[in-house]
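Notes follow once the structure below has been shown.
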Amino acid sequence: MDAAAINKLISRLGRTYAELISEGLIFRGSLMPLLDTAENEEWVQFPVEGVELWFAKKNVIFEKVLFNAYSTRRKRSRLQRGSTVPLR
């Protein structure tokens, strides 16, 4: 998912699931409950690895976008003065 697609999604916060589908931003059928309990109040979609789109269960309104950042390297790193250096 590139920056333009992310910006477009963010600008659509507050719209319905159906509106996002009709605009071609997400695909139908991939919305799932966040939890497997009766108290679940949100639905979530995972369009690409590391991105979550959250919707309110009662009206299926697009509420938030979450990004999960993780390293794909084998070595753990830390940020030090703006650059990545290996942990020792």
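Here, residue 1 is the first one in the sequence, and each next residue gets the next number.
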Locate the shortest heavy-atom distance separating Leu9 from Phe62; write the atom from each residue and the value.
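Nearest pair, atom of Leu9 first, then Phe62: O-CE2, 3.1 Å.
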
Can you give me the closest heavy-atom contact between Phe27 and Ile21, atom names plus distance?
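Looks like C-CG1, 4.4 Å.
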
Before you tell me yes or no, could you show the steps for Ile26 and Tyr17 under side chain to side chain contact (heavy atoms under 4.5 Å, CB included), namely the whole-Å CA-CA distance, both residues' side-chain angles and the distance that decides it to 0.1 Å?
CA-CA 8 Å; Ile26 61 175; Tyr17 176 70; 3.4 Å; yes

Please test Glu23 against Arg12 for salt bridge (Lys or Arg N to Asp or Glu O under 4.0 Å), starting from the C-alpha separation and ending with a verdict.
CA-CA 10 Å; Glu23 292 181 37; Arg12 301 310 194 272; 2.7 Å; yes

Roughly how far apart are Leu53 CG and Leu20 CG, rounded to 0.5 Å?
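CG of Leu20 is found 8.0 Å from CG of Leu53.
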
With rounding to the nearest 0.5 angstrom, report the NZ to CG distance, Lys8 to Leu25.
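Those atoms lie 5.5 Å apart.
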
Yes or no on side chain to side chain contact (heavy atoms under 4.5 Å, CB included) for Val60 and Thr16, after CA distance, side-chain angles and deciding distance?
CA-CA 6 Å; Val60 200; Thr16 66; 5.7 Å; no

Using a 6.0 Å cut-off, check whether atom CZ of Phe46 has over 12 heavy atoms from anything other than its own residue.
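Yes, because the 6.0 Å sphere around CZ of Phe46 holds more than 12 heavy atoms from other groups.
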
Would you mind listing every salt bridge (Lys or Arg N to Asp or Glu O under 4.0 Å) that reaches into residues 41-66, with sequence neighbours excluded?
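Of all non-adjacent pairs touching residues 41-66, those that pass salt bridge (Lys or Arg N to Asp or Glu O under 4.0 Å) are Glu42-Lys64.
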
Assess whether side chain to side chain contact (heavy atoms under 4.5 Å, CB included) is satisfied between Val44 and Phe55, documenting all intermediate values.
CA-CA 6 Å; Val44 67; Phe55 296 82; over 6 Å; no

Full working for side chain to side chain contact (heavy atoms under 4.5 Å, CB included) between Val51 and Ile6
CA-CA 9 Å; Val51 177; Ile6 291 168; 5.7 Å; no

